[in-house]
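Sharing a structure here in structure tokens format.
For this chain, numbers begin at 1 and follow the sequence in order.
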Amino acid sequence: MGLKQLLLSHWVCGNKLVGITRTDADIIDNFERGKQISDYLKEFPAKKYIVIDDLDLGISKASHPFIHVDGDVGLTDENVEEAIRLLS
């Protein structure tokens with residue numbers, strides 16, 4: 001099941017997915033993902049957003065609202081509930 005379908009199954013509008021970062025293989029340092037998100041938000045400001053990832057590559061350090069998922073399990077119902085709470 002794709003992320004959009006999973007979000008829709010939990011009553012989250014999946015068409016609000018606005019961006020993705022480079023793959024982990026393309027990450028240069030341990031803080032790059034947080035920097036990428038900060039740079040994106042400078043160009044495209046968002047009132048509310050969350051970052052969902054299985055690795056914290058500078059996301060928390062950059063103070064982004066972050067849901068850390070288990071890479072072996074994937075997005076769980078609990079993760080989705082947390083996302084809804086953060087966006088409410």
Side-chain angles (χ1 to χ4, degrees):
M1 176 183 296
L3 179 59
K4 182 177 179 179
Q5 288 78 22
L6 183 62
L7 293 173
L8 287 171
S9 73
H10 288 80
W11 304 99
V12 176
C13 187
N15 65 353
K16 298 295 182 183
L17 184 66
V18 296
I20 59 173
T21 57
R22 291 190 292 271
T23 64
D24 296 334
D26 295 329
I27 295 293
I28 296 168
D29 66 51
N30 284 338
F31 301 108
E32 184 174 345
R33 186 158 291 140
K35 292 174 192 172
Q36 290 173 1
I37 296 164
S38 295
D39 290 345
Y40 178 88
L41 289 169
K42 286 177 189 170
E43 188 172 346
F44 304 101
K47 290 181 182 178
K48 286 189 175 185
Y49 70 97
I50 54 172
V51 179
I52 301 172
D53 206 321
D54 64 335
L55 297 172
D56 186 355
L57 299 174
I59 298 168
S60 296
K61 185 172 177 144
S63 299
H64 296 295
F66 176 49
I67 297 175
H68 192 177
V69 300
D70 183 331
D72 293 327
V73 175
L75 195 64
T76 64
D77 289 340
E78 291 80 18
N79 297 139
V80 173
E81 289 170 10
E82 183 180 2
I84 292 168
R85 181 183 59 75
L86 289 171
L87 290 170
S88 295

I'd like to check the side chain to side chain contact (heavy atoms under 4.5 Å, CB included) partners of I50; sequence neighbours left out, ordered by chain and number.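 I50 satisfies side chain to side chain contact (heavy atoms under 4.5 Å, CB included) with I52, P65, I67, A83, L86, L87 once adjacent residues are dropped.
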Check G34 against A62 and note the closest heavy-atom contact, atom names and distance.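 Looking at all heavy atoms of both residues, the shortest contact is O-CB, 4.1 Å.
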Which residues pass the side chain to side chain contact (heavy atoms under 4.5 Å, CB included) test with D72, sequence neighbours left out?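 Per chain and number, D72 pairs via side chain to side chain contact (heavy atoms under 4.5 Å, CB included) with D70.
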Hphob cluster co-occupancy, F44 + I59, side-chain heavy atoms under 4.5 angstrom: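 Same hydrophobic cluster.
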Please step through side-chain contact (heavy atoms from CB on, under 4.5 Å) for the pair V80 and L75, ending with a clear verdict. CA-CA 7 Å; V80 173; L75 195 64; 3.9 Å; yes
With side-chain contact (heavy atoms from CB on, under 4.5 Å) as the test, would you mind laying out the steps for H64 and L41 before giving the verdict? CA-CA 10 Å; H64 296 295; L41 289 169; 3.8 Å; yes
Rounded to the nearest 0.5 Å, how far apart are CG of D53 and OG of S60?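 With rounding to 0.5 Å, CG (D53) is 10.0 Å from OG (S60).
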Give every residue pair that meets the ring pair (Phe, Tyr, Trp, His ring centres under 6.0 Å) criterion with at least one member in residues 69-88, sequence neighbours excluded.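 Sorted pair list comes back empty.
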Under the ring pair (Phe, Tyr, Trp, His ring centres under 6.0 Å) rule, what pairs show up with a residue in residues 68-88, not counting sequence neighbours?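 Every ring pair (Phe, Tyr, Trp, His ring centres under 6.0 Å) pair that includes a residue of residues 68-88, provided the two are not neighbours, is F66-H68.
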Tell me, please, which residues at least two apart from E43 pass side chain to side chain donor-acceptor pair (under 3.5 Å).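 Partners of E43 under the side chain to side chain donor-acceptor pair (under 3.5 Å) test: none.
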